[in-house]
Amino acid sequence: MKGYHLGELEELILLTVGILDQEAYGVSVLEEIKSQTGRKVNISAIHTVLNRLEDKGFLTSQMGGATEERGGRRKRLFRISDDGRAAITEVKELRNKLHDQLPPLALDFSYGY
């Protein structure tokens, strides 16, 4: 394993970019996270993490076309790179491996601990 290290918000945003596919940009990521998780995240945090994930090589970006709706401004669209897909896969496998090792009683809260 290469050892991809992702923080919780990085993982969440990377997964969300994958869900949105070719429509992933700052605001759409923000709205999808809120829709999927109910979690409110600051748009500045979204942009910071998108840039960090691109710097790490997990995302690529390109500028989309300008629209009247956005006052002629262009959207920066993100996509998952091959390394990003590998990171998601590795994180999922690690989480599943750990989860599968939990003894059955570890998640049984009827004992009142």
Side-chain angles (χ1 to χ4, degrees):
M1 279 202 286
K2 183 174 180 178
Y4 298 101
H5 300 287
L6 294 173
E8 179 193 7
L9 187 57
E10 288 178 322
E11 181 182 355
L12 188 59
I13 289 175
L14 193 57
L15 290 166
T16 302
V17 168
I19 290 167
L20 293 170
D21 193 28
Q22 297 183 29
E23 296 298 319
Y25 61 98
V27 173
S28 68
V29 170
L30 175 83
E31 291 171 350
E32 187 69 18
I33 288 173
K34 185 175 180 184
S35 169
Q36 291 275 355
T37 68
R39 183 173 169 176
K40 293 181 182 179
V41 182
N42 183 298
I43 190 66
S44 296
I46 298 287
H47 285 292
T48 298
V49 173
L50 286 169
N51 291 329
R52 184 181 322 131
L53 289 170
E54 188 171 26
D55 289 345
K56 288 182 174 185
F58 297 157
L59 295 177
T60 60
S61 70
Q62 65 181 25
M63 296 304 291
T67 63
E68 266 187 52
E69 176 184 303
R70 294 180 44 84
R73 294 178 309 167
R74 299 167 56 181
K75 294 177 187 174
R76 186 169 168 205
L77 301 169
F78 292 87
R79 296 197 75 183
I80 297 177
S81 68
D82 290 341
D83 279 348
R85 281 187 282 282
I88 288 172
T89 300
E90 182 178 302
V91 168
K92 180 181 179 187
E93 288 172 357
L94 176 61
R95 288 183 187 274
N96 287 343
K97 177 184 167 188
L98 292 170
H99 186 272
D100 291 345
Q101 293 178 58
L102 282 171
L105 292 178
L107 299 175
D108 184 355
F109 298 106
S110 63
Y111 289 105
Y113 286 112

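Both backbone and side-chain heavy atoms feed into the values below; hydrogens, waters and symmetry mates do not.
For Asn42 against Ser44, the heavy-atom pair with the smallest separation is OD1-N, 2.6 Å. Considering every non-hydrogen atom in both Leu14 and Gly84, the closest pair reads CD2-O, 3.8 Å. Across all their heavy atoms, Glu54 and Ser61 have their closest contact at OE2-OG, 2.8 Å. Shortest non-hydrogen contact noted between Ile80 and Leu59 is CA-CD2, 3.9 Å. When every heavy atom of Arg76 is checked against every heavy atom of Tyr25, the shortest pair comes out as O-CB, 3.2 Å. Residue Glu10 comes nearest to His5 through the heavy atom pair OE1-O, 4.0 Å, listed as atom of the first residue, atom of the second, then distance.
Applying the side chain to side chain contact (heavy atoms under 4.5 Å, CB included) test to Leu20 and every residue at least two apart in sequence or in another chain returns Thr16, Ala24, Ser28, Val29, Glu32.
For the side-chain contact (heavy atoms from CB on, under 4.5 Å) with Lys97, the lone residue among Gln101, Glu93, His99 that qualifies is Gln101.
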Walk me through it: do Leu30 and Lys40 pass the test side-chain contact (heavy atoms from CB on, under 4.5 Å)? CA-CA 8 Å; Leu30 175 83; Lys40 293 181 182 179; over 6 Å; no
May I have the step-by-step check of side-chain contact (heavy atoms from CB on, under 4.5 Å) for Arg39 and Leu12, ending in yes or no? CA-CA 11 Å; Arg39 183 173 169 176; Leu12 188 59; 3.8 Å; yes
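Judged by distance alone, the side chains of Asp83 and Ser81 never bring a donor and an acceptor atom under 3.5 Å apart.
If you take OG1 on Thr48 and CG on Leu53, they are separated by 11.0 Å, rounding to the nearest 0.5 Å. A distance of 10.5 Å separates CZ in Arg79 from CD in Glu23, rounded to the nearest 0.5 Å.
Thr37 places a side-chain N or O within donor-acceptor distance of the main-chain N or O of Ile33, the cut-off being under 3.5 Å.
Under the 4.5 Å side-chain heavy-atom criterion for grouping Ile, Leu, Val, Met, Phe, Trp and Tyr, Ile43 is connected to Leu50 within one hydrophobic cluster. Met63 and Leu77 fall into different hydrophobic clusters, where Ile, Leu, Val, Met, Phe, Trp and Tyr residues are linked whenever their side-chain heavy atoms come under 4.5 Å apart, directly or through other members. Tracing side-chain contacts under 4.5 Å through hydrophobic residues (I, L, V, M, F, W, Y), one never reaches Leu6 starting from Ile19; they form parts of separate clusters.
A 4.5 Å side-chain heavy-atom check between Leu15 and Glu11 finds at least one atom pair inside the cut-off. Counting heavy atoms from C-beta outward, Arg52 and Val49 have side chains that approach closer than 4.5 Å.
The number of heavy atoms from other shown groups lying within 6.0 Å of CZ (Arg85) is above 12.
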